[in-house]
Amino acid sequence: MSLITVERIKLFSTRSPWWCMIVAAVLSIGLAALATGFATGPDEARVTPAMTQFGVGLGQMVIMVMAALAVTTEYRFGTIRTSFQAVPQRAALLLNKTVVVATLAAVVGLAASWGSWAIGNLLAPSADMAINTSAEWRLMFGQGFVYALSAIFAIAVGILIRQSAGAIAILILWPLLVESLLPLIPKIGDDLQKWTPFTNANQFLNGEQDMGLAGADAAGASTALSPWWALAYFAAWAIGILVIALFTASKRDA
């Protein structure tokens, strides 16, 4: 039995991944319904595909929690020691776990993205919801990339912290609070924010998008990079932290 198969069985044998996927879908599609369903009359015509994706970011947070729990739960119950005894190459074991979780995250991201677009298309029939521009295609399919990289990021944090509460706190507070508050730092705050990982992930998705009725500010903070370079930068963060985590796991006691 391959390590990929083992990790897939381990992941789906617990309830938390299933609940996290359900919550991510409900948040994404539910907020898309709220964002588009209350637009009536002339406002309905100003609904755009980008407006259906507001809830997908919250779904991303939930999937990051799922990814972290895939690691920290094993440390909590001590099953990681058995896994390391069976597979002495710790980095290989954790890398296979990462592949499984990141693949699942990508699938959930695509389902959330297109599901949200579909509900928006249903609730705002007079709006132009066709995916016409390259930016709109990047937004719709790009959620898969961002979800997968976010899962890699979360697994790395889980490996480093090894405690569920601490890892989840970091993963939620970092993108939602820390990066948002950086502009409050005098002189250098705005420049610092432009080089933070999740701000660049948002730039990849929302850069050059027509935010329609929500207004241009709904796209979030801009960065110094173009959308595709912003994705590469976010990927470098995720992979870099994962490399550090794998090295650390190979050197310290389980």
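We use all heavy atoms of the structure for the numbers below, so side chains are in, but hydrogens, waters and symmetry mates are not.
- With hydrogens and angles left out, the side-chain atoms of S164 and T72 include a donor and acceptor closer than 3.5 Å.
- Put simply, CG on L3 and CZ on R8 are 13.0 Å apart, with the number rounded to the nearest 0.5 Å.
- Nearest heavy-atom pair, A148 versus A106, reported as atom, atom and distance to 0.1 Å: CB-CB, 4.0 Å.
- The CZ atom of F84 sits 10.5 Å away from atom OG1 of T82, with the distance rounded to the nearest 0.5 Å.
- Follow the hydrophobic side-chain contacts under 4.5 Å out from V65 and you never reach W19; the two are in separate clusters.
- In the hydrophobic clustering of ILVMFWY residues, with side-chain heavy atoms under 4.5 Å counting as a link, V243 and V99 come out apart.
- Checking side-chain atoms of N121 against main-chain N and O of W117 turns up no donor-acceptor pair under 3.5 Å.
- L94 places none of its side-chain heavy atoms less than 4.5 Å from the side chain of I155.
- Residues S116 and Q53 have side chains that never bring a donor and an acceptor to within less than 3.5 angstrom of each other.
- Side-chain contact annotation: S113 with Q143, donor-acceptor N/O pair under 3.5 Å absent.
- The only option from N200, T199, N202 that meets the side chain to side chain donor-acceptor pair (under 3.5 Å) definition with E179 turns out to be T199.
- Interatomic distance, L139 CG to L205 CG, rounded to the nearest 0.5 Å: 6.0 Å.
- The backbone N or O of V56 lies less than 3.5 Å from a partner atom in the side chain of Y147, making a donor-acceptor pair.
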- [ ] Determine, stepwise, if the pair R138 / Q209 fulfils side chain to side chain contact (heavy atoms under 4.5 Å, CB included).
- [x] CA-CA 10 Å; R138 184 183 71 241; Q209 296 293 341; 3.9 Å; yes

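- Within the 3.5 Å criterion, the main-chain N or O of T79 finds a donor-acceptor partner in the side chain of S83.
- Checking Y233 against W229 by side-chain atom types alone, no donor-acceptor pair falls below 3.5 Å.
- The residues E74 and K10 are annotated as salt-bridged, a charged nitrogen and a carboxylate oxygen being separated by less than 4.0 angstrom.
- Remark: side-chain polar atoms of R90 are paired, donor with acceptor, to backbone N or O of A249 under 3.5 angstrom.
- Between M129 and the options T48, V47, L122, a side-chain contact (heavy atoms from CB on, under 4.5 Å) holds for only V47.
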TODO: Applying side chain to side chain contact (heavy atoms under 4.5 Å, CB included), run through F153 and W174 and close with a yes or a no.
DONE: CA-CA 12 Å; F153 193 101; W174 186 339; 3.3 Å; yes

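- Paired with Q193 under the rule side-chain contact (heavy atoms from CB on, under 4.5 Å), one option of L182, L181, V178, I188 passes, and it is L182.
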Open item on the list: Would L93 and E7 count as a side chain to side chain contact (heavy atoms under 4.5 Å, CB included) here? Give the steps.
Closed with: CA-CA 8 Å; L93 174 69; E7 292 301 329; 3.1 Å; yes

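- Between L104 and M21 the shortest side-chain heavy-atom distance falls below 4.5 Å.
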- [ ] Give the intermediate values and the outcome of side chain to side chain contact (heavy atoms under 4.5 Å, CB included) for residues I159 and T248.
- [x] CA-CA 8 Å; I159 294 171; T248 304; 5.9 Å; no

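- Heavy-atom minimum distance, C20 versus V62: O-CG1, 3.2 Å.
- F247 CZ: 12 or fewer foreign heavy atoms inside a 6.0 Å radius.
- Connection of I244 to V157 is established within a shared hydrophobic cluster, with ILVMFWY side chains joined at heavy-atom distances below 4.5 Å, either directly or through further cluster members.
- With rounding to the nearest 0.5 Å, the separation of CD in Q203 from OG1 in T196 is 11.0 Å.
- A33 approaches I119 most closely through the heavy-atom pair N-CG2, 4.1 Å.
- Taken to the nearest 0.5 Å, the CG atom of L173 stands 8.5 Å off from the CD1 atom of I170.
- Taken to the nearest 0.5 Å, the CE atom of M61 stands 8.0 Å off from the CG atom of L171.
- For CZ of F198, the number of neighbouring non-hydrogen atoms (other residues, nucleotides, ligands) closer than 6.0 Å is greater than 12.
- Within the 3.5 Å criterion, the main-chain N or O of P49 finds a donor-acceptor partner in the side chain of T52.
- The heavy-atom pair separating A245 from A156 by the smallest distance is CB-O, 3.5 Å.
- Between W137 and F141, the angle of the ring planes stays under 30°, which puts this pair in the parallel group of the 30/60° scheme.
- The nearest pair of heavy atoms linking A151 to A105 is CB-CB, 3.7 Å.
- Contact record, S150 with Q60: OG-NE2, 2.8 Å, taken as the closest heavy-atom pair.
- In this structure, F234 has its ring center at least 6.0 angstrom away from the ring center of F204.
- Residues L160 and L95 fall within the same hydrophobic cluster, defined by Ile, Leu, Val, Met, Phe, Trp and Tyr side chains chained together at heavy-atom separations under 4.5 Å.
- Linking ILVMFWY side-chain heavy atoms closer than 4.5 Å, directly or via other members, places I29 and L31 in two distinct hydrophobic clusters.
- Counting heavy atoms from C-beta outward, T5 and S2 have side chains that approach closer than 4.5 Å.
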